[in-house]
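I have placed the structure first, in the form of structure tokens, so that the comments after it can refer back to it.
Proteins get letters first, then strands, A, B, ... in listed order; numbering begins at 1 in each.
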Amino acid sequence: MSIRRTTVKAALESPSPCPEIRVMGWIRTRRDAKGFSFLELNDGSCLGNLQIIIDDTAEGADLVKSLGVGASVAVTGELVASPGKGQRYEVRAVAVSLLGAAEPETYPLQKKRHSDEFLRTIAHLRPRTNKYGAMLRIRSALAHGIHDYFAKEGFALVHTPVITGSDCEGAGEMFRVTTLGPEAAALSAAERVSQDFFGKEAMLTVSGQLSAEPLACALGRVYTFGPTFRAEHSDTSRHAAEFWMLEPEMAFADLEDNMDLAESLVTHLVRLVLAECAEDFGLFAKFVDPTLPATLENLLAQPFVRLPYAEAVDILTSCKKAFQYPVAFGSDLQSEHERYLAEEHFKRPVIVYDYPKDIKAFYMRQNDDGKTVGAMDVLVPGIGELVGGSAREERLDRLEARIAELGLPLEAYWWYLDTRRFGTVPHAGFGLGFERLVMLVTGVTNIRDVMAFPRTWRHLEF
RNA sequence: UCCCCGGUAGCUCAAUUGGCAGAGCGGGUGGCUGUUAACCACUAGGUUGGCGGUUCGAGUCCGUCCCGGGGAGCCA
């Protein structure tokens, strides 16, 4: 009796009409006529809706007139070529049944465009909108694309810990992980640690890199792709407290290999979205950022600029642009400087490399000039830093010296240093902020709008 | 955390130098039409973010707090 459910996507892509079909979804809009009604049904399988025509004689037709936007229904009927304009197929309903009503007076989503700010207050319902559905499908395609890419390139997927006992990941403020309750407040710090779950301080990871390195120095090429946590009080459109980061790590590789990988990966993923998410991408190109197709085509049209930090400083000091912050060798590039390079000077992605050692992490490979390290950042117009990575210092004496120089506790890095002590190899890797990638390909300018349920400074709802 | 902008109907916004708080969309009711952001008519809907102050009179001016947005720092 019951027929298997067909998705809206499958129905719209059907090679031919079908005498019997069953679809389920949410009503996007209803239009009544004398003697019959039209429903636009969406089930999230694709951006498009399936038009349902319900004659007043159909089973369940009496309830249709009471259905509002947002209600969920099951429809059985015939998939036929549509005589109307705007769609190839429609479903001529034989029977309609209500799965769940949505009271029109209180259902927050309307048939019109809502502001992103409003939709953030109803994050549990916004995936039912065209824009957020499209964003989430593109996000999913990108995640799958990442795994496909690395599988083809011979990288092993490794799962690095989310809980870390090392506070030496060195990439920002960390969240503390504890099983102790408020009653522990009376204890001394040492007592708290000894009574806590691990018997030592535990944190949420800010980077899988230190775990990925030993794995790369065993499997050759690895990558991790998972959640990352930063407890910084960053309140910007580009930062979240919990975000996803992709971190490939390659043994027997140098900085140039690293840049090659980053560029190849980013261009591959942009092509993937253009080729495989055309309908969803079209929404962003039409309603979010009309310049998006040109921006991405431009990104693909020529190789990324590769620019030593010293030359970047030269460009910035000799240009006529008045910056709020001064530019000088030895100071880090400010947002305004990065934006100038990628958005105004070169107008395409720029890989800045060989940064001064004093503004970069201890593990980056020291260059022969004694001043710089083999670091690289991929700067993208509109986004800023999309990728940050480096060649890793594989020489034990150099690495130990740098750790000591920075006053870091050498003993805490014993296992990390072992990878240099025993069979060390040149290796390199980077971190790519996944949400920033989604922003790049959708033109969405706020990180809160490329995550289903964003966690940011002072915001933990849903 | 700092700087700037904002908060008016369910949503998006208007309201002149301080002088009767409005529109579109959405909702409800009725009509019309193989419709498609449907259309037409009628209708309901407000503690102008909270508290305090100035004034004959405050959406409008002042103080303060809350919330939202943009930018900065930090970073992916």
Would you mind classifying the nucleic acid contact of A:Phe243 as base, sugar-phosphate or nothing, using non-hydrogen atoms under 4.0 angstrom?
base
Taking only the side-chain nitrogens and oxygens of A:Arg30, find out if one of them lies under 4.0 Å from OP1 or OP2 of B:U36.
no
Side-chain N or O of A:Ser237 versus OP1/OP2 of B:G71: is the shortest distance under 4.0 Å?
yes
Rounding to the closest angstrom, what is the interatomic distance between B:G52 and B:C74 at atom C1'?
38 Å
Between B:C11 and A:His114, counting only base atoms on the nucleotide and side-chain atoms on the residue, is there a donor-acceptor pair under 3.5 Å?
no
Above 12 or not: heavy atoms from other molecules or residues under 6.0 Å from NZ of A:Lys360?
yes
Side-chain donor/acceptor of A:His233 to base of B:C74, under 3.5 Å
no
RNA chain B: A:Lys112 or A:Arg31, which has the more 5' nearest nucleotide?
A:Lys112
Pairwise C1' distance for B:U17 and B:U55, with rounding to whole Å:
15 Å
Nearest-Å distance once atom P is located in both B:U8 and B:C3:
24 Å
If we take the P atom in both B:G63 and B:C4, what is their distance in whole Å?
13 Å
Could you check whether the side chain of A:Glu90 and the base of B:G34 have a donor-acceptor pair of N or O atoms closer than 3.5 Å, going by distance alone?
yes
Does B:C32 have OP1 or OP2 sitting under 4.0 Å from an N or O in the side chain of A:Lys34?
yes
Determine which nucleotide pairs with B:U16, using a 3.5 Å limit on both distances of a Watson-Crick or G-U wobble pair.
none
Scan A:Glu336 against the nucleic acid and name what it touches under 4.0 Å (heavy atoms): base, sugar-phosphate only, or nothing.
nothing
P spacing across the pair B:U47 / B:G6, given as an integer number of angstrom:
24 Å
More than 12 heavy atoms of other residues, nucleotides or ligands under 6.0 Å from CZ of A:Arg5: is that the case?
yes
Side-chain N,O (A:Lys111) to OP1/OP2 (B:U36) below 4.0 Å
no
At under 4.0 Å, does any side-chain N or O of A:His459 touch on OP1 or OP2 of B:G68?
yes
Side-chain N or O of A:Gln334 closer than 4.0 Å to phosphate OP1/OP2 of B:G73
yes
Among A:Lys286, A:Lys9, A:Arg139, A:Arg137, salt bridge (charged side-chain N to carboxylate O under 4.0 Å, His left out) partner for A:Asp280
A:Arg137
Heavy-atom count check: over 12 atoms from other residues, nucleotides or ligands less than 6.0 Å from A:Glu279 CD?
yes
Taking the P atom in each of B:G18 and B:G59, what is the distance between them to the nearest angstrom?
13 Å
Regarding B:G26, can its base be found pairing with the side chain of A:Glu105 as donor and acceptor, where the two atoms are less than 3.5 Å apart?
no
Side-chain N,O (A:Ser37) to OP1/OP2 (B:U35) below 4.0 Å:
no
Taking B:U16 as the reference, what is the distance to B:G22 when you measure between their C1' atoms (whole Å, please)?
15 Å
So does A:Thr29 get a side-chain nitrogen or oxygen closer than 4.0 Å to the phosphate oxygens (OP1/OP2) of B:A38?
yes
Closer than 4.0 Å, any side-chain N/O of A:Asn130 to the OP1 or OP2 of B:A37?
no
Just by modelled atom types, is the A:Ser14 backbone N or O under 3.5 Å from a matching donor or acceptor in the A:Arg88 side chain?
yes
Base B:U35 paired with A:Glu40 side chain (donor-acceptor, <3.5 Å):
no
Taking pairing as Watson-Crick or G-U wobble with both contacts under 3.5 Å, can you name the mate of B:A58, or confirm there isn't one?
none
Hey, is the side chain of A:Ser234 poking within less than 4.0 Å of OP1 or OP2 on B:C75, counting only N and O atoms?
no
Among A:Gln366, A:Arg402, A:Met364, side-chain contact (heavy atoms from CB on, under 4.5 Å) partner for A:Lys357:
A:Arg402
Taking atom P in both B:C11 and B:G27, what distance in whole Å separates the two?
14 Å
